[in-house]
Protein chains: 2
Amino acid sequence: METNHSQKILDFYKDNKRMPVYTEIMKLVGFRSKNAVHKLINKLVEKDILDKDSRGRLIPNNLFGEVPMLGLVEAGFPSVAEEAILDTINLDDYLIKNKAATYLLTVKGDSMIDAGIQEGDLVIAERKDEAKVGDIVIAEVDGGWTMKFFRKKGQVAYLEPANKAYKPIYPEASMHIAAVVKGVIRKY
Amino acid sequence: METNHSQKILDFYKDNKRMPVYTEIMKLVGFRSKNAVHKLINKLVEKDILDKDSRGRLIPNNLFGEVPMLGLVEAGFPSVAEEAILDTINLDDYLIKNKAATYLLTVKGDSMIDAGIQEGDLVIAERKDEAKVGDIVIAEVDGGWTMKFFRKKGQVAYLEPANKAYKPIYPEASMHIAAVVKGVIRKY
DNA sequence: ATTATAGGTGAACGTACGTTCACCTGCAAG
DNA sequence: CTTGCAGGTGAACGTACGTTCACCTATAAT
């Protein structure tokens with residue numbers, strides 16, 4: 001029952017991106033007095049499911065807004081009881097450094113398959129006009145857009161696919177780097 | 001300057017997982033009156049950088065907490081001005097359905113390399129004791145932990161790696177499925 | 001039957017919140 | 001010079017917040 005209550009509070013947080021106030025929790029769980037909420041909250045705080053700040057307002061704790069991070073696959077998987085959690089992270093914070101310049105792109109084609117990037121994956125791209133050798137870049141070459149490894153042969157920059165079926169691209173007229181790939185996301 | 005101010009508010013939101021109150025914004029941007037904050041906020045609201053709810057409290061809008069999603073790689077990349085954004089998503093919400101049962105694991109080894117899962121990647125694993133054929137599962141087989149495709153030959157369940165250098169695993173004594181892989185994350 | 005307790009109601013209280021008012025600058029236009 | 005105005009200060013106001021108090025059940029143990 002209490003897990004049900006805290007689940008509703010979590011849902012509220014997801015929808016509104018802030019914690020509910022007591023009158024809102026009243027409606028969420030079906031109470032008719034703020035005092036009942038107050039007693040419920042105190043129990044959740046004791047169980048470390050929630051936290052309160054110095055002014056009494058609710059703040060989500062780690063179990064709430066973040067995902068537990070375990071060790072290696074080979075180390076196994078914890079049961080519900082013994083949670084051997086190394087750390088907890090927020091995926092947004094983990095993946096995105098410069099939020100204003102970051103975009104997600106859907107991958108088309110198989111030219112980066114050997115780098116573990118498949119068709120349908122999302123790539124996290126940060127807008128940038130220069131890249132380091134070895135970066136995966138999104139670039140406009142001779143009028144077309146593509147995603148490839150950024151390489152240099154001497155002073156000549158070129159793009160190399162991660163698929164033996166394709167050949168490196170040496171720009172004839174122009175090459176303009178639009179973004180550098182910072183991450184890959186795949187959802188099953 | 002105003003982008004600087006809203007950046008500080010965003011940072012506060014990231015750190016505290018809630019929006020600041022006016023007195024807190026005062027300290028953030030160096031004002032000494034709440035009224036100055038009030039005028040600043042109204043400007044940000046007009047520019048759609050922030051939103052307020054009916055009680056005047058701040059709520060982050062899309063540009064704040066979420067990441068823009070563009071189309072395909074081949075469609076190119078927008079300049080700062082012309083933002084052809086299809087949608088915005090929150091990565092946590094996108095990737096994680098059942099937060100209570102979800103964990104992140106670091107991948108060791110190359111047995112799933114042909115499925116685009118490399119050593120060092122993070123996998124999003126949802127605790128479950130049964131899997132569908134074709135799922136990637138984390139399982140304990142004959143005492144050891146492993147991540148493989150879940151397959152069936154007739155009624156016999158077995159695990160298949162995505163690497164031709166390895167052979168399928170037919171459990172001798174026991175096989176226990178601990179979790180199903182729901183997603184993959186790679187960070188460069 | 002009596003008592004204790006967990007869990008709820010409803011009203012009252014202190015306070016921190018966003019808002020508003022009057023006022024004070026510094027700077028640019030006329 | 002003076003006028004207007006954007007942008008700040010500081011104090012006052014109404015209200016919504018979390019908290020607390022007294023009281024009311026059900027349920028279970030004695």
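All chains are named by letter (A, B, ...) in the order of the sequence lines, taking the proteins before the strands, and each is independently numbered beginning at 1.
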For a quick check, tell me whether the side chain of B:N35 and the base of D:dG10 share a donor-acceptor pair closer than 3.5 Å. yes
Below 4.0 Å: OP1/OP2 of C:dG7 and any side-chain N or O of A:K43: yes
N or O in side chain of A:H38 less than 4.0 angstrom from D:dG18 OP1/OP2: no
Gap between atoms CD1 and C1', on A:I41 and C:dG7 respectively (whole Å): 15 Å
Value rounded to 0.5 Å, distance of CG in A:L95 from CG in A:L122: 11.0 Å
Rounding to a whole Å, what distance do you find between B:Y22:OH and D:dT15:P? 17 Å
Proximal nucleotide (of D:dT9, C:dG8, D:dT19) relative to the B:A36 side chain: D:dT9
Once rounded to the nearest 0.5 Å, what's the spacing between atom CD1 of B:I169 and atom CZ of B:F149? 13.5 Å
Taken to the nearest whole Å, NZ/B:K27 to C1'/C:dC17 is 14 Å
Rounded to the Å, how far apart are B:I25 CD1 and D:dG8 C1'? 16 Å
Pair B:K17-A:Y13, side-chain donor/acceptor within less than 3.5 Å: no
Distance-only donor-acceptor test (3.5 Å): side chain B:K39, base D:dG8: yes
Kindly assign one of parallel, tilted or perpendicular to the pair A:Y158 and A:Y170, based on the angle between their ring planes and the thresholds 30° and 60°. parallel
Answer yes or no: does a side-chain N or O of A:R55 lie under 4.0 Å from OP1 or OP2 of C:dC17? yes
Using OP1 and OP2 only, check whether a side-chain N or O of B:T23 sits under 4.0 Å from C:dC17. yes
Between B:R32 and A:L58, just flag the one whose closest nucleotide in DNA chain D comes earlier from the 5' side. B:R32
At under 4.0 Å, does any side-chain N or O of A:R57 touch on OP1 or OP2 of C:dA16? no
In this structure, how many angstroms lie between the P atom of D:dC23 and the NZ atom of A:K34, rounded? 21 Å
If I take atom CG in residue A:D53 and atom P in nucleotide C:dA16, what distance separates them, rounded to the nearest angstrom? 12 Å
Could you tell me the separation between the CZ atom of A:R18 and the P atom of D:dA16, rounded to a whole number of Å? 14 Å
Just the rounded figure in Å: distance from P of D:dG10 to CE of B:M26. 9 Å
Output the distance between atom CE (A:M26) and atom CG (A:N35), rounded to the nearest 0.5 Å. 11.0 Å
